[in-house]
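Here is the structure we will look at, set down as structure tokens.
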Amino acid sequence: MRGARIEQIETLIVDLPTIRPHHLSMAVMRQQTMVLVRLFCSDGIEGIGEATTIGGLSYGDEFPEGMKFTIDTYIAPLLVGKAATSINAVMAELEHQVQGNNFAKSAIETALLDAQGKHLGVPVAELLGGAVTHTLPVLWTLASGDTAKDVEEAQELLANGRHNTFKLKIGRNDWKVDVRHVAAIKEAVGPDVKVTVDVNQAWTESIAKQGIAQLQDAGIDLIEQPIVKTNFEGLARLTQYFRVPIMADEAVATVSDAFKLARIGGGSVFALKISKAGGLSNIKKQAAIAQGAGISLYGGTMLEGTVGTVASAHVFSTLPNLDWGTELFGPLLLTDDIVKTRISYGNGKLEIPQGPGLGIELDMNQVEKYKRR
Ligand code: MUC
Ligand code: MG
């Protein structure tokens, strides 16, 4: 691709149903909507990327229709004609000309890296310094909205060995009801199964103090984003106060967030997501900040489909300090897929495709089937 230019950037929206309703504090998902990016280079190579959020505008300040519009109207015209191999220069230009819109930027950088890897015949992880592992631990999120169903789901997944760690989504109900729900599931799966909890910002700091105290007593291993994302100092106070580790998720979106949180001890774990960070390179920068501050890492998801999940897996596989594993189970929450070969999951892990670029290929028949018209 040396000398190859960006010739065209196409976007399309794909809607895929979920296998069951997925209850989060701010939304109940019954389908997932992905914006797929197809970036065509002048030498015939195509790179693919994905921009995905959760629950329309309820999770972040970008939404699928807006991401498509942003890429089509502002980003594509800016990038067409630029050197496809100069990814740092292209992303710097994008940063200069387009404020925010990190989810869209992440999809673009993913597509550029996929194209670069395909040209050089190496996996994306190799473009980022090389993988330290070709498999990643993957937990499963129990979020059916019903305690008995969650227990049943957990027991089935433990029995078939697909997952050995669970994350529970809470924050939709009164905190005492939620704490009882968590304690019941922890009791059912037993002391050897790791259970984490994601409050998705739903608690005030004073409720968080009461709620986390009880979750800690119930043997929960990790508490994710208990309070509003803007309260960095509150996160630092909770991190200091409790023995159970506190993880920043929504709070640690950008590289600058990671720096500000690390400086005040806002969280003992960072949940990294390529979408929040605006791409894979920024994940490496956040990871370096965390390493310098002694903060542990977790590979987060925006519940992407296979394209975004594999992109995340490539960059996470280059991090030696991914102490808390990952939650890259997005494709498993969907009833179908839009790639030719699905990711393989088993024994609590996913296998990272090792072909050139992301190592996956869109199945255009499937894309046609689920494409929004
Ligand atoms: C989040 O906030 O972490 C990740 C797993 C899941 O079920 O929801 C997401 C979002
Ligand atoms: Mg979270």
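The figures that follow rest on heavy atoms only: side chains count, while hydrogens, waters and symmetry mates do not. All residue numbers refer to positions in the sequence shown, counting from 1. Order of appearance sets the numbers: ligands from 1, and atoms from 1 within every ligand.
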Backbone or side-chain N or O of K167 under 3.5 Å from ligand 1 N or O: yes

E250 N/O to ligand 1 N/O under 3.5 Å: no

Presence of N, O or S from D198 under 2.8 Å of the Mg ion (ligand 2): yes

Considering only heavy atoms of [X], which atoms of ligand 1 have at least one such atom less than 4.0 Å away?
X    : value
D198 : 1 (C), 2 (O), 3 (O)
E327 : 3 (O), 4 (C), 5 (C)
D249 : 1 (C), 2 (O), 3 (O)

Minimum side-chain heavy-atom gap D363-I338 below 4.5 Å: no

Option of least heavy-atom distance to atom 9 (C) of ligand 1 (set: K276, K169, H22, M26): K169

So does [X] pair up with [Y], basic N to acidic O under 4.0 Å?
X    : Y    : answer
K169 : D198 : yes
E152 : K149 : no
E250 : K229 : no

Shortest-distance N, O or S atom of E224 relative to the Mg ion (ligand 2): OE2

Shortest-distance N/O/S atom, D249 versus the Mg ion (ligand 2): OD2

K209 NZ: over 12 foreign heavy atoms closer than 6.0 Å: no

CZ (F259) with more than 12 external heavy atoms under 6.0 Å: no

